[in-house]
Amino acid sequence: DLTPEMKAFVDQYGKATDGKIGIVELAQILPTEENFLLFFRCQQLKSSEDFMQTWRKYDSDHSGFIDSEELKSFLKDLLQKANKQIEDSKLTEYTEIMLRMFDANNDGKLELTELARLLPVQENFLIKFQGVKMCAKEFNKAFEMYDQDGNGYIDENELDALLKDLCEKNKKELDINNLATYKKSIMALSDGGKLYRAELALILCAEEN
């Protein structure tokens with residue numbers, strides 16, 4: 001039941017003769033930036049935990065940013081986790097695209113929430129936390145409240161309590177049934193089970209500390 005225009009489109013871009021266009025075929029038509037994001041989402045980057053662990057590795061100074069050279073290595077590692085090998089020239093192209101798409105002030109650095117667009121929407125828990133971010137004062141107060149032993153970091157149990165309260169207060173954005181997923185992904189930013197203020201701020205603080 002295709003219109004003549006739609007049939008011509010399918011005939012032009014569909015490699016098979018079944019009258020359908022596959023997602024990979026469609027990716028060849030899209031603008032470079034959209035093609036790039038679609039490519040990553042097709043490579044089984046389905047784990048926020050993998051994404052966060054890779055970020056933790058490259059943001060070694062806990063600045064909340066990675067520079068252009070670190071970004072290239074970050075993308076390479078992320079693709080390897082998806083069992084995808086690509087040529088260095090293609091990797092350089094992807095790195096340049098990422099900077100062109102997200103580096104608004106042209107300082108050669110990207111932050112965690114910007115790179116999170118690589119993840120499929122259904123897995124992208126970072127987007128859900130955008131609506132519950134706190135100002136710096138609120139965040140610091142919450143951190144001190146849940147860091148009950150005052151050791152300067154939050155452990156898994158303390159994070160569990162914090163997230164439960166957040167889910168209760170923000171039922172529209174956060175689903176308490178996904179609590180285990182939220183916790184697992186956020187703890188991937190931790191240092192041996194110790195989630196320091198700077199790392200948690202990447203998820204929950206709307207302002208730079």
Pair Leu174-Leu163, side chain to side chain contact (heavy atoms under 4.5 Å, CB included): steps then yes or no: CA-CA 9 Å; Leu174 304 176; Leu163 291 177; 6.0 Å; no
Could you tell me the separation between the [atom1] atom of [X] and the [atom2] atom of [Y], rounded to the nearest 0.5 Å?
X	Y	atom1	atom2	value
Lys57	Trp55	NZ	CH2	14.5 Å
Ile66	Leu71	CD1	CG	5.0 Å
Asp77	Lys72	CG	NZ	13.0 Å
Gln53	Ser190	CD	OG	9.0 Å
Met187	Glu156	CE	CD	5.5 Å
Asp103	Glu96	CG	CD	12.5 Å

Would you say the side-chain atoms of Asn170 pair up with the backbone N or O of Leu166, donor to acceptor, closer than 3.5 Å?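 Looks like yes, one N/O pair under 3.5 Å.
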Look at the side chain of Asp67 and the backbone N and O of Gly108, then say whether any donor-acceptor pair between them is shorter than 3.5 Å.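 A pair under 3.5 Å: no.
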More than 12 heavy atoms of other residues, nucleotides or ligands under 6.0 Å from CD of Glu69: yes or no?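 For Glu69, atom CD is not crowded (no more than 12 foreign heavy atoms under 6.0 Å).
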Does Lys183 have more than 12 heavy atoms from other residues, nucleotides or ligands lying within 6.0 Å of its NZ?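 Buried by this count: over 12 neighbours within 6.0 Å.
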Partners of [X] by salt bridge (Lys or Arg N to Asp or Glu O under 4.0 Å), sequence neighbours excluded?
X	result
Lys133	none
Asp107	none
Lys109	none
Lys194	none

Does anything in residues 154-202 form a ring pair (Phe, Tyr, Trp, His ring centres under 6.0 Å)? List the pairs, not counting sequence neighbours. Phe129-Tyr182, Tyr153-Tyr196
Of all residues at least two apart in sequence or in a different chain, which pass the side-chain hydrogen bond (donor to acceptor under 3.5 Å, both in side chains) check with [X]?
X	result
Asn178	none
Glu70	none
Asp175	Asn177

In chain order, what residues pass the side-chain contact (heavy atoms from CB on, under 4.5 Å) check against [X], with sequence neighbours excluded?
X	answer
Asp149	Asp147, Asn151, Glu158
Ile176	Cys167, Glu168
Lys164	Asp160, Leu179
Lys76	Gln80, Leu91

Show the numbers, then the answer: is there a side chain to side chain contact (heavy atoms under 4.5 Å, CB included) between Leu112 and Ile203? CA-CA 9 Å; Leu112 178 69; Ile203 311 297; 4.0 Å; yes
For the residue pair [X] and [Y], what are the closest heavy atoms and their distance?
X	Y	value
Met52	Ala188	CB-CB, 3.6 Å
Phe74	Thr54	CD1-CG2, 3.5 Å
Asp191	Arg56	CB-NH2, 2.9 Å

Is there a side-chain contact between Asn140 and Arg197 (heavy atoms, below 4.5 Å)?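 The answer is yes; the side chains approach within 4.5 Å.
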For Asp59 and Ser63, test the side chains for any donor-to-acceptor distance below 3.5 angstrom and give the result as yes or no.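 Yes, Ser63 and Asp59 have a side-chain donor paired with an acceptor closer than 3.5 Å.
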Stepwise side chain to side chain contact (heavy atoms under 4.5 Å, CB included) check, Phe139 with Leu200: CA-CA 9 Å; Phe139 170 77; Leu200 188 58; 3.8 Å; yes
Test salt bridge (Lys or Arg N to Asp or Glu O under 4.0 Å) applied to Glu93 and Lys90, step by step: CA-CA 5 Å; Glu93 180 186 346; Lys90 202 69 178 175; 3.4 Å; yes
Side-chain ion pair, Lys141 and Glu138, N-O less than 4.0 Å: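 Looking at Glu138 together with Lys141, the answer is no, because their closest N to O distance does not fall below 4.0 Å.
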